[in-house]
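This report concerns only the one structure given below.
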Amino acid sequence: MTILEQLGTFYSQVFQLAFNLENIIILFSATILGIIFGAMPGLTATLGVALLTTLTYGMNTGAAMIALISMYVGAVYGGSYSSILLNIPGTAAAAATAIDGYPLACKGEAGKALGLTTTASMIGTLIGTFFLASFAPAIAKMALQFTSFEFFLLAFFGILISGTLTSPDLIYKGWIAGLIGLFMSIIGRDRLQFFPRFTFGLSQLDGGLELVPVLIGAFGIPQIIQVLRDQLSVGEAKKFQRVLPEFKTIVRNATHIVRSALIGVGIGSVPGIGEDIAGWVSYSAAKNSSKHPETFGKGEYAAVISSETANNACIGGALIPLLTLGIPGSPPAAMLLGALMIHNVNPGPMITFEHPTFILEMTAILLLASLAMWMTGILLAKQVVKVLRIPPPIFMPIVGVLCVIGSYSLGSNVFNLYLMVPVGIMAYFMQEMGYPVAPLVIGVILGPMADENLRRALMVSQGSFLPVITRPVALLLFLIILFTIFSQTLVYKRLKERVKQRIWNQIRNKK
Amino acid sequence: MMDDVLRACRMQARSMKRVILPTPILKLRESGNLRKVMDKVQLRKKDFITSIILIAFGIFMILYTLTEIPMKDSWGGVMNVWFVSPGLFPLGVGFLIIIMGIVLCNRAIKDGGAKKFMEDLSRREKDTSGKTLRLLGILLVIVAYVYLYIPRIDYFLSTMLCLMVFISFFYFDRPDFLKKLFTFYLVGCLLFLGLFLMKADKQLNKSFLYTTDGLVFLFFLAFIVYSRVLVHGDGVLKKRWKTTLIMSIVPSLILIPSFKYFLLVPLPVEGAFIELMNIIRYSFR
């Protein structure tokens with residue numbers, strides 16, 4: 001397709017979606033639901049997308065994607081409500097917003113802060129949408145040149161980098177989580193020879209572990225346990241009058257917006273790490289580049305704008321590897337992958353052949369979702385904030401019941417529940433011991449890709465690993481993997497210190 | 001950036017946690033580095049245990065793969081070579097798990113985790129924050145709901161009971177009530193477990209339709225009465241009790257018909273209550 005044809009298809013998709021009443025109802029309902037999920041401390045975007053997935057089984061793919069992407073966009077934005085009004089981030093993505101958002105609310109500028117986050121989130125999402133539309137088809141085309149070796153290394157790299165960047169304690173704890181995820185992906189009949197592996201004679205395990213119950217268990221149950229066990233209490237929300245778009249302040253902070261959006265898209269496109277890291281990195285970048293870094297933490301508009309632009313721009317970024325390579329860029333994107341599979345859409349390089357307009361359709365949905373989010377944020381913020389009065393001991397058990405019925409609904413199978421509970425409990429204890437959950441989920445998702453492609457690659461090369469060195473992309477990926485592992489060793493750290501010291505000494509000597 | 005992260009964590013911790021600690025412990029805990037070191041050693045102790053489990057698990061994976069999955073033999077008429085074998089990937093993963101286990105174990109030993117583990121073998125730590133009981137409460141409700149009630153009892157009734165117990169455990173916000181309600185629910189669950197293990201439920205249901213549903217409903221009523229007795233005389237808690245009761249019934253009444261009649265999901269067990277819903281629903285057709 002030429003660029004003009006693509007633009008034509010894109011706008012026709014936008015109009016097709018926007019002039020369908022059913023779609024509009026789904027768009028706004030899911031956005032409001034997303035904002036509520038994001039605003040409620042303890043509920044996350046991932047959990048929101050996971051639970052909504054269970055309600056979309058009966059919908060067509062387009063309507064399901066409208067619901068899920070709107071929920072995703074709404075939830076990432078909604079986190080700013082409780083960050084600004086309560087000083088408790090509704091989602092991890094909005095944690096950086098709380099640092100300056102709450103002091104603004106204390107000064108009586110909660111309405112202005114919410115207006116800024118609403119507009120910044122919309123701009124962030126739109127920039128992410130632009131990158132998705134521009135880069136995804138090109139990446140998908142490039143990925144067609146990949147052979148099995150590249151795909152195996154890509155899957156392995158995805159798990160490794162996700163473990164490296166999300167681990168709160170030791171880096172290799174992230175890798176261990178990824179390996180456990182890989183083990184979970186092995187359970188069931190292998191896809192090349194249909195040999196049962198680790199099924200222990202249970203016929204229910206023959207098809208492998210269902211992705212949706214695993215995801216709901218891994219993200220939902222630890223959340224419920226943590227909130228109720230640690231007695232999360234929500235204080236009185238700060239009052240505000242009106243939420244205004246605040247375009248003037250936005251224009252004044254254009255540099256921060258562009259930088260944060262680029263950071264958001266970049267971080268979003270790295271497998272497994274999501275909006276929270278994007279928010280923190282862009283906050284830090286805004287502080288470092290500011291002429292008055294001392295105002296950060298005391299109610300600085302640039303800080304709020306930066307973190308909110310980045311976390312929403314991350315959505316578009318996370319969809320790029322998801323659609324083109326089948327590798328989710330963030331935990332909610334992992335859930336989207338599950339939903340796409342349920343609707344018989346297999347993301348990856350072949351997507352442009354199997355569903356030629358799908359990427360453009362997703363871009364159009366993302367565009368509409370960002371507009372719906374902005375309109376809802378400006379008009380309904382005051383009403384949505386009322387949900388913050390519901391105490392966690394009431395809504396968390398209801399979320400628990402939703403997790404159960406949601407997991408069960410997939411195939412009306414009670415075995416899904418038997419699976420969801422142990423996965424959830426295991427994920428909770430892993431989190432308690434400093435293991436991240438995202439690499440585990442990425443491991444479950446990318447495991448089959450790694451397994452099949454490794455064996456296919458070796459089949460073609462007759463057991464030789466030489467193509468890893470002879471193929472340029474494979475070699476590049478292999479070197480990155482080696483470097484990621486080597487950078488965690490003592491030898492590397494000592495070497496780095498020595499090099500640093502030598503450079504310093506040379507600079508001093510020159511002076 | 002790290003400073004900002006730490007500050008945000010501290011802010012969050014201050015506003016989120018309401019664990020009341022005795023003053024000396026509080027002072028000790030807040031005395032900076034000591035807490036960090038103690039937490040780290042405690043974490044490494046857990047890491048030491050995890051590393052042993054990981055090594056054992058990795059060995060199990062390798063042994064299972066070598067004994068149960070063909071590496072070179074014929075399977076389904078296809079001759080295997082090692083590089084196409086379904087055992088290749090599990091073997092690699094198992095091997096990596098062992099290596100990671102060893103690395104983690106090494107780190108845990110270096111940071112004093114193994115020593116702490118050996119010390120704590122003879123000593124029992126008491127939980128003063130009540131977190132363990134809250135955790136057990138959550139686990140009991142989830143496990144009983146999924147493994148005990150859902151496969152055997154009317155789904156509407158199971159959900160209502162689960163919500164009633166779950167909300168009352170935490171919404172009353174009283175550790176003494178949590179303990180009493182936990183014991184009451186646990187005893188009830190154990191009785192039902194005994195009943196189900198002896199397969200007496202099937203006999204009872206054969207003799208009189210929906211007998212087990214009736215028994216669980218009686219248990220649900222007993223739980224309501226018991227929790228009401230507990231909050232007797234306290235205005236605030238009485239109000240909370242009413243909210244708990246409403247919130248256990250209303251979401252069940254919205255969720256279950258929505259899934260059954262709008263999303264057309266056949267529920268796990270459709271017993272007395274769902275039968276009643278069917279009668280009401282189809283009488284309006």
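Per chain, numbering begins at 1; letters A, B, ... match sequence-line order.
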Flag the one option from B:V143, B:T243, B:I142, B:V103 with the top tally of heavy-atom pairs under 4.5 Å to chain A. B:V103

Close side-chain approach of A:Y428 to B:L135, heavy-atom, < 4.5 Å: yes

Any heavy-atom pair between the side chains of A:L228 and B:F166 that's under 4.5 Å? yes

Interface moiety of B:L54 toward chain A, non-hydrogen atoms closer than 4.5 Å: side chain

Cut-off 4.5 Å, heavy atoms of chain A, and the answer for B:I97 is both

Chain B: which of A:I394, A:L417, A:N288 shares the most heavy-atom pairs with it under 4.5 Å? A:I394

Quick check on the interface: out of A:T54, A:I221, A:I398, who has the most heavy-atom pairs with chain B under 4.5 Å? A:I398

Show the numbers, then the answer: is there a side-chain contact (heavy atoms from CB on, under 4.5 Å) between A:Q462 and B:F83? CA-CA 8 Å; A:Q462 285 298 303; B:F83 50 83; 4.0 Å; yes

Got a donor-acceptor contact below 3.5 angstrom from the B:R134 side chain to the A:D230 backbone? no

Is the side chain of A:Y172 donor-acceptor paired with the backbone N or O of B:L104 at a distance under 3.5 Å, no angle test? no

Based on non-hydrogen pairs under 4.5 Å, which of A:I186, A:L458, A:D451 is most in contact with chain B? A:D451

Chain A contact via B:P251 - which portion, at a heavy-atom distance below 4.5 Å: side chain

Where on A:L55 is there a heavy atom nearer than 4.5 Å to chain B: the side chain, the backbone, both, or neither? both

A:F183 and B:F57: aromatic ring centres closer than 6.0 Å? yes

Tell me, for B:R44 versus chain A, whether the close heavy atoms (under 4.5 Å) come from the side chain, the backbone, both or neither. side chain

Examine distances only and state if a side-chain atom of B:Y64 and a backbone atom of A:F198 form a donor-acceptor pair shorter than 3.5 Å. yes

For the side-chain contact (heavy atoms from CB on, under 4.5 Å) test, which of B:L163, B:V165, B:V141, B:T244 pairs with A:P397? B:L163

Inter-residue atom distance A:S409.OG - B:L264.CG, 0.5 Å rounding: 11.5 Å

Looking at side-chain heavy atoms only, is the closest gap between A:Q193 and B:V84 below 4.5 Å? yes

Closest heavy-atom pair, A:G463 versus B:W82, reported as atoms and distance to 0.1 Å, is O-CZ2, 3.8 Å

Could you check whether atom OH of B:Y261 has more than 12 heavy atoms from other residues, nucleotides or ligands sitting under 6.0 Å from it? yes

Below 4.5 Å, heavy-atom pairs only: which of A:V414, A:L182, A:V421 has the largest tally toward chain B? A:V421

Between B:P86 and A:R197, what is the shortest heavy-atom contact and its length? O-NH1, 2.8 Å

Salt bridge check: are B:D47 and A:K173 linked by an N-O gap of less than 4.0 Å? yes

With sequence neighbours left out, the residues meeting side chain to side chain donor-acceptor pair (under 3.5 Å) with B:K260 are B:E270

Which portion of A:A285 sits near chain B, non-hydrogen atoms under 4.5 angstrom: neither

Proximity breakdown for B:L88 and chain A, heavy-atom pairs closer than 4.5 Å: side chain

Could you check whether any side-chain heavy atom of B:I150 comes within less than 4.5 Å of a side-chain heavy atom of A:Y408, counting everything from C-beta outward? no

Chain B: which of A:L170, A:L454, A:L192, A:I225 shares the most heavy-atom pairs with it under 4.5 Å? A:L170

B:F262, CZ: over 12 other non-hydrogen atoms inside 6.0 angstrom: no

So, B:R107 and A:D169, do they make that salt bridge, N to O below 4.0 Å? no

Ranked by heavy-atom pairs below 4.5 Å to chain A, first place among B:E68, B:M61, B:M247, B:K46 goes to B:M61

Would you confirm whether A:R455, through its side chain, and B:S85, through its main-chain N or O, come within 3.5 Å as a donor-acceptor pair? yes

Where does B:Y145 contact chain A at under 4.5 Å (heavy atoms): side chain, backbone, both or neither? side chain

Side chain, backbone, both or neither: which part of A:F465 has a non-hydrogen atom closer than 4.5 Å to chain B? side chain

Heavy-atom cut-off 4.5 Å, strictly under: side chain, backbone, both or neither for B:F259 against chain A? side chain

